[in-house]
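All figures in this text were calculated on a predicted structure; none of them were measured in a lab.
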Amino acid sequence: MVAILEEIRLDDFSVGGECDLFHRGKVCDYLRRSSFEFHTGNLYGIIGEFGCGGASLSCGMTGNIDYDEGKVYIDGQESPLEHVIENSWYVGMDLDNRKRFIKKRRTVRQQIEYGVHNTEQGGDAKKIQDIFRISEERIDRNIKYVSGERWKASAAIGYANGRKIFCYPWMNSRDVEHLKEQLSYVVDYLIHSDCIVIFPTTKEDNIKKICSEYKLYYLE
């Protein structure tokens, strides 16, 4: 992973393909020639209806769909998108998501422990479980079977495994209203840990429900 990561800039960035929204299935989205600048310790609301490119921005930065064109800069230096991808986490997934052939998928606890033992994140699995408020009932399940705790369990796995950029799937107003309590404390912890949080949704009011301080980009 990149040793220092304080700023990411995407210039004329285009990306598109099939985006996994998990509870809403897989849908196609495309972002056309858009530019962004992201700094650590901030929440970024990416505002637009579905189809405007917010979903594909999150999926593209995490390597879950194909990158088409544009330039990427990390801390002022032009870099391959792969350097962003290796530092990014698509919230909702786990470490086993991209492995097609695996005999037994690991539990949330096992994936957090893997990160604690193999990165320099520090702390221990129980501390991370407590910070992200993952219940004892669900932490020993695979992420597919943790129901409404999927988002915080996934964020905990990404954090334990040293990721610095957390990209949420596109959510509508009803999603945010339903999840606002867990989104709020998870996002608060991430930005105070000098992470970048990217959250595509329909309107600014949804971002206000998550955090009082944020920056916005509008997609059309």
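Side chain of Ser58 to main chain of Tyr168: a donor-acceptor pair is present (N/O by atom type, distance under 3.5 Å, no hydrogens or angles). Looking at Lys71, its side chain never comes within 3.5 Å of a backbone N or O of Leu10 through a donor-acceptor pair. Put simply, the side chain of Asn142 gets close to the backbone of Arg106: a donor and an acceptor are under 3.5 Å apart.
Checked by atom type, the side-chain pair Asp188/His192 shows a donor-acceptor distance below 3.5 Å. Checking Glu149 against Gln182 by side-chain atom types alone, no donor-acceptor pair falls below 3.5 Å. With hydrogens and angles left out, the side-chain atoms of Thr201 and Asn206 include a donor and acceptor closer than 3.5 Å. Side-chain atoms of Glu7 and Tyr73 form no donor-acceptor pair, as typed in the model, at a separation below 3.5 Å.
The residues Arg105 and Asp94 are annotated as not salt-bridged, no charged nitrogen and carboxylate oxygen being separated by less than 4.0 angstrom. A salt bridge links Lys126 with Asp130: the distance from a Lys NZ or Arg NE/NH1/NH2 to an Asp or Glu carboxylate oxygen falls below 4.0 Å. Salt-bridge check for Arg33 with Glu69: passed, with a basic side-chain N closer than 4.0 Å to an acidic carboxylate O.
Hydrophobic clustering (side-chain heavy atoms under 4.5 Å, transitive across Ile, Leu, Val, Met, Phe, Trp, Tyr) keeps Tyr145 apart from Ile157.
Residues Val15 and Ile65 meet the side-chain proximity criterion, which asks for heavy atoms closer than 4.5 Å. Inter-residue side-chain proximity for Met93 and Asn64 is flagged as met; some heavy-atom pair is nearer than 4.5 Å.
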- List the steps, then state whether salt bridge (charged side-chain N to carboxylate O under 4.0 Å, His left out) holds for Arg174 with Glu177. CA-CA 5 Å; Arg174 185 175 181 180; Glu177 179 64 28; over 6 Å; no

- How far apart are the C-alpha atoms of Trp89 and Lys164, what are their side-chain angles, what is the distance that settles it, and do they pass the side chain to side chain contact (heavy atoms under 4.5 Å, CB included) test? CA-CA 8 Å; Trp89 188 253; Lys164 295 292 292 182; over 6 Å; no

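Checked against a 6.0 Å centroid threshold, the rings of Tyr44 and Phe199 do not count as neighbours. Tyr189 and Tyr159 have their aromatic ring centers within a separation under 6.0 angstrom. Ring pair Tyr90/Phe22: centre-to-centre distance below 6.0 Å.
Applying the 6.0 Å contact sphere to CD of Glu213 captures no more than 12 heavy atoms from other residues, nucleotides or ligands. Atom OH of Tyr114 sits in a sparse spot, with 12 or fewer heavy atoms from other residues, nucleotides or ligands closer than 6.0 Å. A 6.0 Å sphere centred on OH of Tyr185 holds more than 12 heavy atoms belonging to other residues, nucleotides or ligands.
Phe36 pairs by the ring-ring contact (aromatic ring centres under 6.0 Å, His included) definition with Phe38, Tyr217, not counting sequence neighbours.
With values rounded to the nearest 0.5 angstrom, Asn161 atom CG is found 7.5 Å from Gln111 atom CD. Rounded to the nearest 0.5 Å, atoms CD1 (Ile210) and CG (Leu179) are 9.0 Å apart.
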